Protein chains: 2
Amino acid sequence: MNTRLADHVREALEQMIVTGDFADGERLDEIRLAERFNVSRTPLREAFQALAASGLVQLLPRRGAFVRHPAFHEIIEMFEVMAELEAVCGRLAARRVTPQTLQQIKATVIACECAAHAGDSDGYYRENEHFHQLVYIASGNDFLANEAQRLHKRLQPFRRMQLRVRGRMIQSLSEHRLILTALETGDSTAAETVLREHVAVQGSKFNDLMASYKQSNLRAHSQLISMRE
Amino acid sequence: MNTRLADHVREALEQMIVTGDFADGERLDEIRLAERFNVSRTPLREAFQALAASGLVQLLPRRGAFVRHPAFHEIIEMFEVMAELEAVCGRLAARRVTPQTLQQIKATVIACECAAHAGDSDGYYRENEHFHQLVYIASGNDFLANEAQRLHKRLQPFRRMQLRVRGRMIQSLSEHRLILTALETGDSTAAETVLREHVAVQGSKFNDLMASYKQSNLRAHSQLISMRE
DNA sequence: GTCAAACGTTTTGTATACAAAAAACCATTG
DNA sequence: CAATGGTTTTTTGTATACAAAACGTTTGAC
């Protein structure tokens with residue numbers, strides 16, 4: 001646990017932004033937020049900088065901090081990069097994965113299947129996260145693993161929506177199996193292709209994401225209205 | 001031009017770290033640096049945060065800021081990711097590049113060749129940067145272009161070393177030609193493969209990089225010694 | 001001699017004060 | 001009524017003051 005106020009504020013603001021408490025382009029008032037969190041402007045401004053580094057707010061010099069909700073096409077672009085990063089991880093992992101990591105991946109695939117059969121949505125979500133993290137590590141490139149993890153985290157709110165789509169979980173499961181097999185047999189091309197498709201947002205998934213994004217936009221919008229009252 | 005002190009300090013520190021003015025793991029003294037730059041601790045701490053975000057320093061809570069020179073294997077890893085990112089840019093660009101961008105790329109290839117024949121090393125470096133930037137943009141994915149540019153910038157000091165290697169420029173030129181042709185003919189596989197190889201650090205290049213890295217380490221080390229006197 | 005506890009020093013994190021830039025407001029003019 | 005210029009208010013960026021945590025040192029016990 002961290003005792004720095006700035007980190008607490010950053011986490012709180014991150015949560016608020018992601019859950020749509022602020023409208024797109026809204027200015028974050030230093031003074032009002034400071035007294036709301038019962039801190040001074042100093043840790044608040046630190047939090048702003050951290051949020052700017054991860055792309056959640058835009059910091060304009062001598063203007064202030066503005067929340068920046070990604071436009072729909074930007075999310076599509078981020079998912080495309082995520083798909084390519086995971087594809088690279090898969091290709092490298094097929095050649096480099098250690099027996100231990102492979103064993104761990106196998107365990108998470110099984111845990112995913114168990115959670116799915118038990119109807120444990122949260123459990124599935126958790127194990128799925130673990131599965132992908134292990135694939136990143138299996139690439140044998142720690143820098144790549146970190147970058148992938150970073151983007152994965154940034155896409156988390158949108159992925160959560162996507163997983164709610166009917167039937168997504170079953171398809172996801174079979175893809176996990178295919179990936180596992182590819183890694184076991186050292187088939188780098190298969191690992192690359194399946195992982196890219198596994199993550200990619202296209203075809204029917206595209207429309208699903210579109211729908212859930214519109215909903216999240218509505219939430220942000222209604223929030224904006226309530227703030228103006 | 002930016003009027004914020006914090007940004008000036010960040011740039012200055014960035015330069016100093018990259019050029020090896022600090023040893024690896026050295027603590028950056030807030031007070032001493034503040035009076036050296038004639039600023040208070042506030043903008044200095046802002047600069048620390050920005051540098052931490054780009055990986056040049058490590059920020060330990062209630063400990064301080066420590067410069068973090070990447071270990072050799074970390075640089076290799078970053079180059080591997082860079083190669084894969086450029087490969088992705090190339091693959092996508094072969095399908096999506098606009099006639100205007102293609103024209104611009106052709107222009108930079110020619111400019112590179114001119115600079116090379118004129119023995120203009122700095123000019124070649126500049127046009128080469130431009131060439132890669134255009135390939136990123138040609139991918140049609142702005143987020144990808146930004147990420148690629150970010151990593152490219154981070155690897156800049158090490159790339160500069162690499163280009164000094166004898167014969168590298170001529171090989172680089174012919175690779176540019178191959179990439180241009182692949183983009184013109186829409187050959188995504190060729191664009192991907194050539195760009196990956198173009199960036200990758202392996203074989204003889206590996207040893208070249210190794211040698212120049214050792215030199216840069218020596219510089220950092222001698223600096224450390226001079227500071228202790 | 002080693003370990004540990006208490007003290008003083010240094011350094012970080014946060015609050016607050018202040019200067020300067022931006023925004024808002026308002027009056028005046030065409 | 002629109003536009004412009006000056007004045008006031010707000011807000012950002014920076015300096016400084018202060019509290020608390022980390023660090024080093026000395027002292028004391030075993």
Side-chain angles (χ1 to χ4, degrees), chain A residues 1-17 21-69 224 227-229, chain B residues 1-17 21-69 224 227-229:
Chain A
M1 177 202 160
N2 201 322
T3 59
R4 293 174 78 247
L5 293 181
D7 292 337
H8 288 162
V9 171
R10 183 187 52 72
E11 278 178 42
L13 279 176
E14 193 173 293
Q15 192 64 24
M16 290 171 73
I17 291 172
D21 284 13
F22 302 105
D24 184 44
E26 189 177 341
R27 181 175 137 270
L28 296 176
D29 191 314
E30 285 185 7
I31 300 167
R32 205 184 303 182
L33 285 171
E35 54 195 36
R36 175 161 174 186
F37 287 122
N38 275 314
V39 297
S40 77
R41 283 173 55 220
T42 311
L44 205 81
R45 286 170 61 88
E46 272 196 39
F48 283 177
Q49 280 200 266
L51 293 170
S54 61
L56 272 72
V57 312
Q58 192 177 10
L59 227 48
L60 299 180
R62 298 188 194 274
R63 289 288 159 81
F66 300 85
V67 321
R68 170 145 176 63
H69 285 193
L224 172 66
M227 286 195 74
R228 283 181 176 160
E229 287 171 352
Chain B
M1 176 204 161
N2 202 324
T3 59
R4 293 175 79 247
L5 293 180
D7 292 337
H8 287 163
V9 171
R10 182 187 52 71
E11 278 177 43
L13 279 176
E14 193 172 293
Q15 193 63 24
M16 289 170 74
I17 291 172
D21 285 12
F22 302 104
D24 184 42
E26 188 177 343
R27 180 174 138 272
L28 295 176
D29 191 312
E30 284 185 8
I31 300 167
R32 204 185 302 181
L33 284 171
E35 55 195 36
R36 174 162 175 186
F37 288 121
N38 274 315
V39 297
S40 77
R41 282 173 54 218
T42 310
L44 205 82
R45 287 171 61 87
E46 273 195 39
F48 283 178
Q49 282 200 266
L51 293 170
S54 60
L56 273 72
V57 313
Q58 193 177 10
L59 227 49
L60 298 181
R62 299 189 193 275
R63 290 286 160 80
F66 300 84
V67 323
R68 170 146 176 61
H69 286 193
L224 173 66
M227 287 193 73
R228 281 179 177 160
E229 286 171 353

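The structure displayed is predicted, hence computed values, not measured ones. These numbers come from the heavy atoms of this one structure, side chains and all, not from hydrogens, waters or symmetry mates. So you know, we letter chains A, B, ... as the sequences are listed, proteins then strands, and number each from 1.
When the P atom of D:dA15 is taken as reference, atom CD1 of B:I31 falls 14 Å away, rounded to whole Å. The distance from atom CG of B:L5 to atom P of D:dT12 is 17 Å, rounded to the nearest whole Å. As a whole-Å value, the separation of B:F48 CZ from C:dG13 P is 10 Å. Taking atom CD on A:Q49 and atom P on C:dG13, their separation rounds to 14 Å, with Å as the unit. Taking atom CD of residue B:E35 and atom P of nucleotide D:dT16, one finds them 12 Å apart after rounding to whole Å. Atoms CZ (B:R32) and C1' (C:dT12) sit 16 Å apart, rounded to a whole Å. The interatomic distance linking B:L33 (CG) with C:dT11 (P) rounds to 12 Å, in whole Å. Spacing between atom CZ of A:R45 and atom P of C:dT16 amounts to 16 Å, rounded to whole angstrom units.
Interatomic distance, OG of B:S40 versus CG of B:L5, reported as 8.0 Å (0.5 Å rounding). Interatomic distance, CZ of B:R41 versus CD of B:E35, reported as 12.0 Å (0.5 Å rounding). Remark: B:D29 CG to B:L44 CG distance equals 9.5 Å, nearest 0.5 Å. In this structure, OG1 on A:T42 lies 10.0 Å from CD on B:E46, to the nearest 0.5 angstrom. Note that CG of A:L33 and CG of A:N38 are 12.0 Å apart. Values are rounded to the nearest 0.5 Å.
Within the 4.5 Å cutoff, the side chain of A:E30 has no heavy atoms near those of the A:L28 side chain. By the 4.5 Å heavy-atom criterion applied to side chains, A:L13 and A:F22 are counted as neighbours. A 4.5 Å side-chain heavy-atom check between B:R27 and B:V67 finds every atom pair outside the cut-off. No side-chain heavy atom of B:F66 sits less than 4.5 Å from a side-chain heavy atom of B:D24.
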Under 3.5 Å, N/O pairs linking protein and nucleotides 5-9 of chain C:
none

Dump every N/O contact between nucleotides 18-22 of chain D and the protein below 3.5 Å, one line per pair.
from   : atom 1 : to    : atom 2 : distance (Å)
D:dA22 : O3'    : B:R63 : NE     : 3.3

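Where B:L28 and A:P43 each meet DNA chain C at their nearest nucleotide, the meeting point lying more 5' is that of B:L28.
Listed by chain and number, the residues in a side-chain hydrogen bond (donor to acceptor under 3.5 Å, both in side chains) with A:N2 are A:D7 (sequence neighbours excluded). Taking the side-chain hydrogen bond (donor to acceptor under 3.5 Å, both in side chains) definition, one finds that A:E14 meets it with A:R10, A:K153, sequence neighbours left out.
Remark: B:T42 is not in phosphate contact with D:dT14, judged by side-chain N or O atoms under 4.0 Å from OP1 or OP2. At the phosphate of C:dA22, neither OP1 nor OP2 sits under 4.0 Å from any side-chain N or O atom of A:R27.
The B:E46 side chain lies nearest to D:dT14 when the options are C:dT11, D:dT14, C:dT14. For A:V39, the side-chain atoms get nearest to C:dA15 when compared with the rest of D:dA15, D:dT12, C:dA15.
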Under 3.5 Å, sequence neighbours excluded: what are the donor-acceptor pairs made by side chains of residues 48-64 of chain B?
from  : atom 1 : to    : atom 2 : distance (Å)
B:S54 : OG     : B:L51 : O      : 3.3
B:R62 : NE     : A:T3  : OG1    : 3.2
B:R62 : NH2    : A:T3  : OG1    : 3.2

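In the helix from C:dG1-D:dC30 to C:dG30-D:dC1, the end axes, each obtained as the rotation axis mapping the C1' atoms of four pairs onto the next four within a five-pair block, lie 20° apart to the nearest 10 degrees.
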